[in-house]
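Everything on this sheet refers to the single structure shown next.
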Amino acid sequence: MHHTPSMLYRERLLPGLTMILLGIGLFLMVGVAYSAAFGTVAGIALGIMVSAIYLLVAIASAPYIGVERRESGYFLLAGRAAIDVSLIGNVHELSDLEREQLERGTRSDTAFRISKGQLPVIELAIIDPSDPHGTWCLSSRKPHELMQAISKAQGPD
């Protein structure tokens with residue numbers, strides 16, 4: 001995606017193959033069901049419309065992950081949530097075992113999570129005592145770029 005001086009990193013976690021296949025399956029189900037009742041053309045048209053609406057909603061509701069500059073500093077954006085990067089402590093990519101623990105809920109039951117399928121996950125320690133989530137776990141197609149953007153936004157050590 002296009003990065004500007006105020007946007008260090010941005011990515012949209014679009015629906016995966018499973019969601020797209022579900023949309024195609026929805027088309028087939030609606031198409032077959034309504035073809036029998038209203039004819040082939042009407043069934044196909046309704047199937048395409050229902051699938052298109054489903055896919056548009058899935059894409060429109062896909063969360064953004066980003067690091068951007070605002071008036072008061074740099075912020076990490078994750079879906080609707082935002083946090084000042086100065087409140088982020090240790091950042092690292094989770095290993096396969098740690099990801100499995102996260103998915104089972106045995107790693108951190110209070111973590112703020114945006115995880116998508118098999119994408120790599122980074123874990124961020126939040127050092128804000130008023131934040132109810134001590135950690136954020138975010139999926140990213142480019143975890144190293146996201147970690148670099150956070151580090152750059154935090155400034156020199």
Side-chain angles (χ1 to χ4, degrees), residues 1-29 47-157:
M1 294 199 161
H2 180 69
H3 301 287
T4 64
S6 65
M7 179 75 61
L8 294 180
Y9 180 84
R10 184 168 107 169
E11 94 177 279
R12 188 167 198 160
L13 299 176
L14 294 172
L17 181 61
T18 303
M19 296 302 283
I20 292 169
L21 291 176
L22 188 60
I24 293 170
L26 187 62
F27 160 72
L28 293 173
M29 289 188 309
I48 289 172
M49 285 189 329
V50 169
S51 293
I53 290 169
Y54 165 80
L55 290 172
L56 286 174
V57 168
I59 290 169
S61 64
Y64 277 104
I65 306 288
V67 178
E68 76 174 30
R69 182 168 179 72
R70 294 186 175 173
E71 292 176 11
S72 58
Y74 281 98
F75 284 81
L76 170 67
L77 310 173
R80 294 183 188 177
I83 189 167
D84 191 318
V85 295
S86 66
L87 299 173
I88 298 173
N90 185 36
V91 178
H92 73 280
E93 186 175 346
L94 295 182
S95 68
D96 290 339
L97 176 61
E98 290 170 321
R99 280 187 54 205
E100 187 177 313
Q101 291 170 343
L102 181 69
E103 294 304 318
R104 282 186 291 168
T106 58
R107 182 165 176 81
S108 177
D109 59 349
T110 61
F112 173 77
R113 297 188 318 168
I114 295 182
S115 55
K116 291 286 197 172
Q118 297 300 316
L119 291 178
V121 176
I122 64 167
E123 183 177 61
L124 304 97
I126 306 301
I127 56 176
D128 180 6
S130 64
D131 194 320
H133 306 289
T135 58
W136 283 24
C137 297
L138 307 174
S139 289
S140 176
R141 286 181 175 80
K142 302 173 185 174
H144 298 290
E145 287 183 27
L146 177 56
M147 291 187 289
Q148 286 175 349
I150 292 168
S151 178
K152 182 178 179 182
Q154 289 174 329
D157 291 325

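Numbers here simply count residues along the sequence, with the first being 1. Side-chain atoms are counted along with the backbone in the values below, which use heavy atoms only and exclude waters and symmetry mates.
With a 4.5 Å cut-off on side-chain heavy atoms, Pro63 and Lys116 count as touching. Taking 4.5 Å as the limit, every side-chain heavy atom of Ile83 sits out of range of all side-chain heavy atoms of Leu124. Side-chain atoms of Arg69 and Met7, non-hydrogen and from C-beta on, never get closer than 4.5 Å to each other. At a threshold of 4.5 Å between non-hydrogen side-chain atoms, the residues Ile88 and Gln154 count as touching. Side chains of Ile150 and Tyr9 form no contact here, defined as non-hydrogen atoms less than 4.5 Å apart. Side-chain contact between Ile122 and Met147 is present, with heavy atoms from C-beta onward closer than 4.5 Å. At least one side-chain heavy atom of Glu11 sits under 4.5 Å from a side-chain heavy atom of Leu13.
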Practice problem: Please test Leu26 against Ser51 for side chain to side chain contact (heavy atoms under 4.5 Å, CB included), starting from the C-alpha separation and ending with a verdict. | Solution: CA-CA 6 Å; Leu26 187 62; Ser51 293; 4.2 Å; yes
Exercise. Might you work through the side chain to side chain contact (heavy atoms under 4.5 Å, CB included) test for Ile126 and Trp136, ending with a clear yes or no?
Key: CA-CA 7 Å; Ile126 306 301; Trp136 283 24; 3.6 Å; yes
Practice problem: Please lay out, stage by stage, how Leu76 and Leu138 fare under the test side chain to side chain contact (heavy atoms under 4.5 Å, CB included). | Solution: CA-CA 11 Å; Leu76 170 67; Leu138 307 174; 3.9 Å; yes
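In terms of heavy atoms, Tyr54 sits closest to Leu22 at OH-CD2, 3.2 Å. Across Leu119 and Arg141, no two heavy atoms sit closer than the pair CD2-CG, 3.6 Å. The two atoms that bring Glu123 and Leu94 nearest to each other are CB-CD2, 3.7 Å, heavy atoms only. Closest heavy-atom contact between Leu14 and Ala62: CA-CB, 4.0 Å. Between Pro15 and Met19 the shortest heavy-atom distance is CB-CB, 3.7 Å. Val121 and Cys137 get closest at one heavy-atom pair: CG1-CB, 3.9 Å.
The closest side-chain donor-acceptor pair between Tyr64 and Arg12 falls under 3.5 angstrom. Looking only at atom types and distance, the side chain of Tyr74 has no donor-acceptor partner in the side chain of Ser86 under 3.5 Å away.
Within the model, atoms OG of Ser61 and CG of Leu56 stand 10.5 Å from one another, a figure rounded to the nearest 0.5 Å. Here Phe75 contributes atom CZ and Leu87 contributes atom CG; the two are 8.5 Å apart, rounded to the nearest 0.5 Å. Considering CZ of Arg10 and CG of Leu146, their distance stands at 14.0 Å, rounded to 0.5 Å.
Partners of Arg70 according to the salt bridge (Lys or Arg N to Asp or Glu O under 4.0 Å) rule, which considers only residues two or more places apart in sequence or in another chain, are Glu68. Thr18 is linked by a side-chain hydrogen bond (donor to acceptor under 3.5 Å, both in side chains) to nothing, counting only residues two or more places apart in sequence or in another chain.
A donor-acceptor pair under 3.5 Å is absent between the side-chain atoms of Thr135 and the main chain of Ala125, judged by distance alone.
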